[in-house]
Each structure stands twice: as C-alpha cells, then as structure tokens.
Q: 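Let me give you the structure first, and then I'll get to my questions.
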Amino acid sequence: MGDLPPDLDRLRTLETWLSLSLKRVREEIAAAERPVEPWRAPRPQAAARAAVPRREPMPDWGISSAGIGQSVAEVHRGDCFAGGAMQPLSAERARAELADGVQPCGVCRPDRVLNQT
C-alpha cells in the first residue's frame, strides 16, 4: 500500500486519528437519527418568525390622551410622529371626536383628511 506511512509509529498515529474521527462521525449520525423532543427544538418556521420582531399594526387614526406634558387630547393620523402613545380609532370615531371638540394634531392635520374644517 503505497499511500500509507512505512513505519509503525506513524501507522499507529494514523490509526488513532482514524478511530477518533470515526467515533465523531458515528456520534453525529446517532444525534441526527435521534428523535427530537418537540419542546426542546423549535420548528424551523417558528424559529424564523421569532427572529423578526413583531410590531402592532399601525392604526389609521388615533387619539393621544391628555396627560403629563400635554394640555389637551388630540386626534392624529396613525403614522403621525407627534402622536406618541395613541389609542387607535376608526375614521368614524375620529370624526366624532373632532366634532365633539377634541383638537386635531397641528402636525398631521387629520381634520383635513377627514374632511373637517
């Protein structure tokens, strides 16, 4: 056999390396064949979904409540940066709030979009 070392010491070293490699390969095969307990390994779809943080859907309209730093409640468009923490509103409810005297946001001007003057 021309591709193997000629002396006993190197042959023993090669034998040891091959034995250790074969042991590692067999351990990997056994691990791959072992049934996975459902509570230990996430499903691939769940792992992919968990990697992406979920955000709440943006409401079309919202109302910011009066509180610290705010003198009055305001109606906002859902994408308004000035709204802060808003309670979601339907378009009808936003129109009703504006009709009842709640101030429109001066930045996003929801009254213009909702046909209010």
Side-chain angles (χ1 to χ4, degrees):
M1 300 183 119
D3 59 340
L4 294 176
D7 60 298
L8 184 60
D9 286 341
R10 287 190 280 178
L11 285 171
R12 292 285 183 203
T13 300
L14 185 58
E15 178 187 35
T16 302
W17 182 82
L18 289 171
S19 295
L20 291 173
S21 296
L22 182 61
K23 179 182 175 191
R24 286 182 48 216
V25 168
R26 287 181 175 158
E27 288 171 353
E28 288 296 317
I29 290 171
E33 291 176 340
R34 191 174 310 124
V36 177
E37 292 129 358
W39 60 88
R40 294 196 184 227
R43 296 184 310 232
Q45 304 92 341
R49 281 180 282 174
V52 178
R54 291 184 178 253
R55 292 191 300 185
E56 293 295 320
M58 188 179 307
D60 292 333
W61 308 99
I63 187 167
S64 62
S65 59
I68 298 174
Q70 293 180 325
S71 57
V72 294
E74 292 182 329
V75 175
H76 299 268
R77 289 174 49 163
D79 59 352
C80 180
F81 69 89
M86 294 186 291
Q87 182 179 19
L89 295 176
S90 66
E92 294 80 23
R93 184 70 190 150
R95 282 187 190 100
E97 292 289 340
L98 290 169
D100 288 344
V102 175
Q103 295 295 313
C105 172
V107 176
C108 66
R109 297 307 307 244
D111 53 333
R112 290 181 180 169
V113 179
L114 292 168
N115 298 323
Q116 298 289 323
T117 56

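For the single chain, residues carry numbers from 1 onward in sequence order. Just the heavy atoms: all of them, side chains too, but no hydrogens, waters or symmetry mates, feed the values below.
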Q: Tell me the side-chain hydrogen bond (donor to acceptor under 3.5 Å, both in side chains) pairs involving residues 17-36, sequence neighbours left out?
A: none

Q: Checking one residue: L8. Which other hydrophobic residues are in its cluster under the side-chain 4.5 Å linking rule?
A: none

Q: I'd like to check R77 versus W61 (side-chain heavy atoms, cut-off strictly below 4.5 Å). Are they in contact?
A: yes

Q: Nearest 0.5 Å, please: how far is CD in E97 from CD1 in I63?
A: 4.0 Å

Q: Measuring from D111:CG to R95:CZ, what's the distance to the nearest 0.5 Å?
A: 12.0 Å

Q: If hydrophobic clusters are built by linking Ile, Leu, Val, Met, Phe, Trp and Tyr wherever their side-chain heavy atoms come under 4.5 Å apart, do L18 and L11 end up in the same one?
A: yes

Q: So, for V75 and A94, which heavy atoms are closest and what is the spacing to 0.1 Å?
A: CG1-CB, 4.0 Å

Q: Show the nearest heavy-atom pair for residues C80 and H76, with the distance to one decimal.
A: SG-ND1, 3.6 Å

Q: Tell me whether L114 is reachable from V107 by hopping between hydrophobic residues (I, L, V, M, F, W, Y) whose side-chain heavy atoms are closer than 4.5 Å.
A: no

Q: In chain order, what residues pass the side-chain hydrogen bond (donor to acceptor under 3.5 Å, both in side chains) check against E15, with sequence neighbours excluded?
A: R12

Q: Please report the shortest heavy-atom distance between A73 and V102, naming the atom on each side.
A: O-CG1, 3.6 Å

